[in-house]
Amino acid sequence: MSPETTRVTTAVFRDMKRRGVKISMLTAYDYPTAFLLDQSGIDALLVGDSLGMVVLGYATTLPVTMDEMIHHTKAVCRGVQRAMVIGDMPFMSYQVSVEDALRNAGRFLKETDAQAVKLEGGREVAEAIRRMTACGIPVMGHLGLTPQSIQQFGGFKVQGRGDEAARRIIEDARIIEEAGAFSLVLECVPADVAGEITRSLGIATIGIGAGADCDGQVLVTNDMLGTFERFTPRFVKKYADFAPQMREAVRRYAEEVRSGAFPGKEHSF
Ligand code: KIV
């Protein structure tokens, strides 16, 4: 590994927060995408359970299993040299008991080359975070619109609006930090609340729909590259619009196969 490819670790996250250097994070679910994103200088890759929606075609993230997460995390790790890889703990892999949570978090570090795990929730997951970090498993928290609680929220809605909800989320953030998390995702939280949390914590906050004051930003790669068209949340900025280009490329290929224009002499032996 050359100096430019020195691995991003939890210590690097801490240092970036201290120096005010913003952290860039995207999701990845497969080897070729992880390879390209890592080469492009992304700081962290989250193998998100958004896998269920943008890759596996489920309506929510709830059906995703540990085995699916391990399978995709292994593929991502094979493509990465520099970025930190974080495996997302799927629904019901950490909620039933702390023992379950520990065993499943351990699978990410034992069976893949992921450096950390992420889990959703506030005070109710603090004990699990405490046990994981005590065992040497770095944990990223996730507060706000936590998609595994979508049935309880009744839809994809901004969380932490109003004094009482804001106070609770700010308290939860402090509890997650005290439990030992090295970083915290804030999803769909009012920008002023996310800013207050970011200023009050020593660990890095990573925002998604949480304004510009977070220590870093994360987006779902398929959203920002325009390859997932079912819906696009308001907080997404599309940096490319590849779906129409993919359709056009495939249309031309199919047409050329039908017409005999492909393969040409140069593609034949
Ligand atoms: O699963 C996921 O992709 C996530 C990010 C959106 C933070 O949790």
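Note that ligands are numbered from 1 as they come in the structure, with each ligand's atoms numbered from 1 the same way.
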Strictly below 4.0 Å, N to O, side chains only: are D213 and K22 in salt-bridge contact?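 A salt bridge is absent here (no side-chain N lies under 4.0 Å from a carboxylate O).
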- Query: Is the count of non-hydrogen atoms from other residues, nucleotides or ligands lying under 6.0 Å from R123 atom CZ greater than 12?
  - Reply: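 Counting neighbours around CZ of R123, more than 12 heavy atoms of other residues, nucleotides or ligands fall under 6.0 Å, so yes.
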Sequence neighbours left out, what passes side chain to side chain donor-acceptor pair (under 3.5 Å) with T60? Give chain and number order.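 Testing T60 for side chain to side chain donor-acceptor pair (under 3.5 Å), a comparison that skips the adjacent residues, returns none.
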For each nitrogen or oxygen atom of ligand 1, which protein N/O atoms lie closer than 3.5 Å, and how far apart are they, rounded to 0.1 Å?
unit_1   : atom_1 : unit_2 : atom_2 : d
ligand 1 : 1 (O)  : D49    : N      : 3.2
ligand 1 : 1 (O)  : D49    : OD1    : 3.0
ligand 1 : 1 (O)  : S50    : N      : 3.0
ligand 1 : 1 (O)  : S50    : OG     : 3.3
ligand 1 : 1 (O)  : D88    : OD2    : 3.2
ligand 1 : 3 (O)  : S50    : OG     : 2.5
ligand 1 : 8 (O)  : K118   : NZ     : 3.1

Check: L26 and L46 side chains under 4.5 Å, non-hydrogen atoms = no
Could you tell me which residues satisfy ring pair (Phe, Tyr, Trp, His ring centres under 6.0 Å) with F262, sequence neighbours excluded, listed by chain and number?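 Ring pair (Phe, Tyr, Trp, His ring centres under 6.0 Å) check on F262 returns Y253, H267.
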Applying ring pair (Phe, Tyr, Trp, His ring centres under 6.0 Å) to F182 and not counting sequence neighbours gives F13
